[in-house]
Amino acid sequence: MKSKLLFTFFLFNAFLSMAQSVDIRYNQLGYFNERSKIISLTSSSTFAPQSFSVLDANDNVVLSGTSEGLRYWGDAQAFVSKIDLSAITTDGVYRLQTNNNEVTFNVGADIYESLSEASLKYYYYNRASSAITSTHGGVHARSLGHADTNVRVHSSAASPARPTNTIISAPKGWYDAGDYNKYIVNSGISTYTLLAAFEHFESYYQSKTIFIPETGGALPDLLDEVKWNLDWMLAMQEPADGGVYHKLTGLNFSGRIMPNQYNAQRYVVGKSTSATLNFAAVMAVASRVYADYETELPGYSATLLSAAEAAYAWAEANPNQYFSNPPNVNTGEYGDGNVSDEFQWAAVELFITTGNTNYSNDINISSIGNGTPSWQYTDPLALISILHHNTSFSSSIVNSASSTFLNTANTLKNGVESGEMNITMGSTNNNYVWGSNGVAANQVVLLIRAYELTNDDSYLDASYVAADYLLGRNGTGYSYVTGYGDFSTTYPHHRVSDADGVAEPVPGMLSGGPNPGRQDGCSGYYNTSNAGSYLDDWCSYASNEVTINWNAPLAYAVNALNFYQNGVALSTEEFGLPSSNTVDVHPNPTKGEVNISSEKTIASVVVYDTLGRVVDTFTETNFNLSDIKDGLYFLEITHTNNQTAIKRLVKR
Ligand code: G3I
Ligand code: 9MR
């Protein structure tokens with residue numbers, strides 16, 4: 001009898017462990033207190049709805065229920081069931097228990113604070129021509145690699161002014177990725193994305209510090225970091241004709257060594273229309289951003305603009321010089337046989353910066369497509385810039401850009417709200433490519449832009465939920481960001497992280513992610529599905545490399561989500577004052593003009609920025625803030641009876 005009982009007990013346990021194949025996929029950094037909190041359960045076979053409980057730090061059950069109906073997620077060849085924990089709005093550490101499984105998750109307001117810094121700091125770690133100091137790099141300090149002051153002109157790039165083997169100097173810039181090469185088109189979209197982040201959230205980036213050697217200087221840190229790459233890009237333009245070299249690389253990829261150990265001759269290779277137009281667009285954006293820093297960087301903005309204009313002229317004269325690797329060059333190709341999108345993007349940026357009709361005449365709005373941007377497909381960048389700088393364009397251009405843009409954003413939002421996995425990925429074609437996590441990160445950026453365009457909070461909520469994908473709620477359960485999450489990418493195809501003798505990889509790097517192409521031929525992939533073709537191993541350069549163009553949308557997204565939520569979190573308690581719904585501030589968002597109405601008489605209004613600094617003080621109820629930076633502010637409105645109300649105000 002006893003042994004029969006024991007047997008039943010073993011059987012029961014065996015059953016339990018079989019049933020334990022239902023995985024909990026969740027955002028391993030946490031969930032924002034005021035936003036949706038979606039958890040996904042997945043298994044390769046069908047499973048019954050799971051009952052769940054959420055326990056707080058004192059083991060009190062704060063929520064319980066049953067997971068939603070089972071759905072089949074084709075991209076992962078898996079079954080999924082959703083748990084919605086949005087009802088939990090109190091900050092804290094919680095445990096989610098399902099039938100056979102348990103995870104711990106955070107709820108708070110500063111969920112992305114640290115990642116917002118690390119995702120940007122990655123660019124410092126990836127600097128060419130610089131030592132990484134222990135002051136600024138800690139355990140990841142390293143010696144200088146690649147001065148790049150002795151670079152040869154490859155025969156593919158020779159010109160009358162610079163024949164083959166001419167020595168040029170093109171220092172600085174960021175290493176592209178896990179390799180030590182520098183490629184214009186990929187640098188370009190990365191630089192654009194970071195500059196766009198600055199343009200779109202200027203007040204936030206004014207004070208954002210990432211502890212680089214330039215911190216504390218005259219420029220915001222982000223602009224110092226971006227300048228490191230712009231300076232290199234400028235050196236990639238041939239002064240005699242305005243054409244831009246496609247890349248600066250060795251003839252082959254290096255071995256698994258540190259940058260200072262890699263001394264192979266470097267070359268500038270080929271000139272291409274795609275690189276030259278990409279350069280023109282980025283330099284035009286940079287010129288208008290750095291124009292505000294003329295005192296600090298005299299002449300820099302003008303230098304950037306003339307580089308942009310010379311590049312555009314070269315591309316017009318050489319409209320189809322497509323790049324492919326010359327026979328003896330085996331580094332990344334970044335080829336592109338269609339440059340109509342690069343033409344539109346460059347014309348748009350040059351027009352915004354100069355107002356010159358030569359550029360607007362080249363814009364054909366109906367030819368500009370939507371979708372997710374990439375190093376190869378830049379139309380969506382043109383749409384983003386048109387919509388942010390809408391006052392530079394006619395209403396018919398803006399309306400057309402807006403409906404084209406929202407078409408994509410709505411598809412993405414629909415994927416988040418109604419798809420099997422509540423993610424953007426897969427909802428538009430061909431998302432699971434080499435660098436699919438870059439696609440996912442860019443899709444979060446698109447949702448954020450849709451929110452800014454429409455003021456419709458459902459886009460913002462979707463962008464928070466969509467970001468879960470990168471941090472664990474996905475087809476493998478990995479947080480794809482090094483150093484962040486309980487189960488995160490640890491062995492990226494990143495030569496520095498591999499060769500530096502430090503066990504931990506450089507933090508804050510977004511891995512390439514699932515890629516069913518699996519071109520590296522490595523064994524041990526999680527599985528072979530679209531969303532599962534991932535391998536956390538050095539071997540897997542096709543799914544586990546890190547790059548500047550994938551980290552840029554990550555940085556854009558987590559910084560924006562950090563910015564919005566901190567605004568909410570600061571709210572009234574920050575000032576120890578009551579809020580009020582009887583006081584109305586309008587318009588809100590505003591371009592400058594502010595009207596305040598209240599049932600009682602107002603004595604004064606103090607305007608604070610998000611760091612709590614006083615920006616301005618008024619005694620009137622109608623005033624103008626057009627001279628302050630775009631961003632989030634708090635108005636402390638004091639009445640003559642000393643009653644005070646706090647109101648949020650968005651300036652844009
Ligand atoms: O252009 C075709 C498209 O027409 C077709 O529909 C599609 C089908 O999958 O393929 C497209 O080509 C892909 C191309 O990227 C453009 O998206 C290739 O299959 C794909 O293999 C190629 O991957 C690129 C990879 O280099 C190999 O060339 C990645 O986008 C690119 O991010 C990656 O970049 C490397 C650099 O070369 C070197 N440095 C590291 C970096 C990241 O791994
Ligand atoms: O290490 C290279 C990686 O940085 C590139 O993105 C990738 C692109 O093709 O190529 C990697 O190099 C591999 C090469 O292409 C084939 N042999 C193995 C190399 C990696 O060890």
Side-chain angles (χ1 to χ4, degrees), residues 122 126 128 146 173-190 193 246-259 262 264 266 269-270 272 274-275 278 322-325 329-342 369 371-380 426 428-442 480 489 491-499 505 509-523 530 533-535 537-554:
Y122 157 76
N126 244 33
H146 304 98
W174 302 307
Y175 295 130
D176 184 55
D179 62 330
Y180 295 133
N181 302 304
K182 307 191 285 194
Y183 308 83
I184 284 292
V185 292
N186 208 45
S187 257
I189 186 170
S190 311
T193 304
H246 195 74
K247 61 182 178 177
L248 190 166
T249 78
L251 297 180
N252 296 294
F253 288 114
S254 81
R256 298 166 71 166
I257 52 176
M258 290 299 279
Y262 174 50
R266 311 246 283 177
V269 186
S272 69
S274 62
N278 177 301
Y322 304 120
F323 182 84
S324 57
N325 263 340
V329 178
N330 301 304
T331 50
E333 185 161 78
Y334 286 117
D336 189 351
N338 178 351
V339 295
S340 60
D341 50 328
E342 281 79 9
T372 308
S374 73
W375 59 262
Q376 202 179 39
Y377 178 57
T378 60
D379 271 347
T428 60
N429 282 335
N430 221 0
N431 283 171
Y432 291 100
V433 293
W434 189 313
S436 63
N437 283 340
V439 175
N442 268 307
Y480 293 122
T489 296
Y491 308 102
H493 189 86
H494 181 239
R495 281 167 175 73
V496 169
S497 294
D498 180 64
M509 305 191 297
L510 179 63
S511 165
N515 170 16
R518 301 190 301 279
Q519 292 89 336
D520 48 50
C522 304
S523 53
N530 284 341
S533 288
Y534 174 69
L535 173 60
D537 193 292
W538 156 267
C539 171
S540 185
Y541 56 82
S543 84
N544 204 31
E545 193 159 0
V546 296
T547 65
I548 54 175
N549 63 311
W550 307 330
N551 247 72
L554 172 74

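No hydrogens, no waters, no symmetry mates; every other heavy atom, side chains included, goes into these values. In listed order, ligands and their atoms are each counted from 1. Numbering of residues begins at 1 and proceeds along the displayed sequence.
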Determine, stepwise, if the pair N515 / S543 fulfils side chain to side chain donor-acceptor pair (under 3.5 Å).
-> CA-CA 6 Å; N515 170 16; S543 84; over 6 Å; no

Within the 4.0 Å heavy-atom sphere of ligand 2, strictly under, residues = D179, F253, W434, H493, R495, Y541, E545

Do the non-hydrogen side-chain atoms of I548 and N186 ever get within less than 4.5 Å of each other?
-> yes

Got M509 and N551 here, is their nearest side-chain heavy-atom distance under 4.5 Å?
-> yes

When you look at H246 and V269, which way does the side-chain contact (heavy atoms from CB on, under 4.5 Å) test go after all the steps?
-> CA-CA 6 Å; H246 195 74; V269 186; 5.8 Å; no

Tell me, with the steps shown, if Y534 and T489 meet side chain to side chain donor-acceptor pair (under 3.5 Å).
-> CA-CA 10 Å; Y534 174 69; T489 296; 2.7 Å; yes

Are a donor atom and an acceptor atom from the side chains of N181 and D176 found within less than 3.5 Å of each other?
-> no

Output all residues satisfying salt bridge (charged side-chain N to carboxylate O under 4.0 Å, His left out) with R266, sequence neighbours left out; order by chain, then residue number.
-> D148

Would the number of heavy atoms belonging to other residues, nucleotides or ligands and lying under 6.0 Å from OH of Y491 be above 12?
-> no

Protein residues that have a heavy atom under 4.0 Å from any atom of ligand 1, sorted by chain and number = D176, A177, D179, Y183, G332, Y334, W375, Q376, W434, Q519, E545, T547, W550

Set of ring pair (Phe, Tyr, Trp, His ring centres under 6.0 Å) partners for H146, sequence neighbours left out = Y175, Y180, Y262

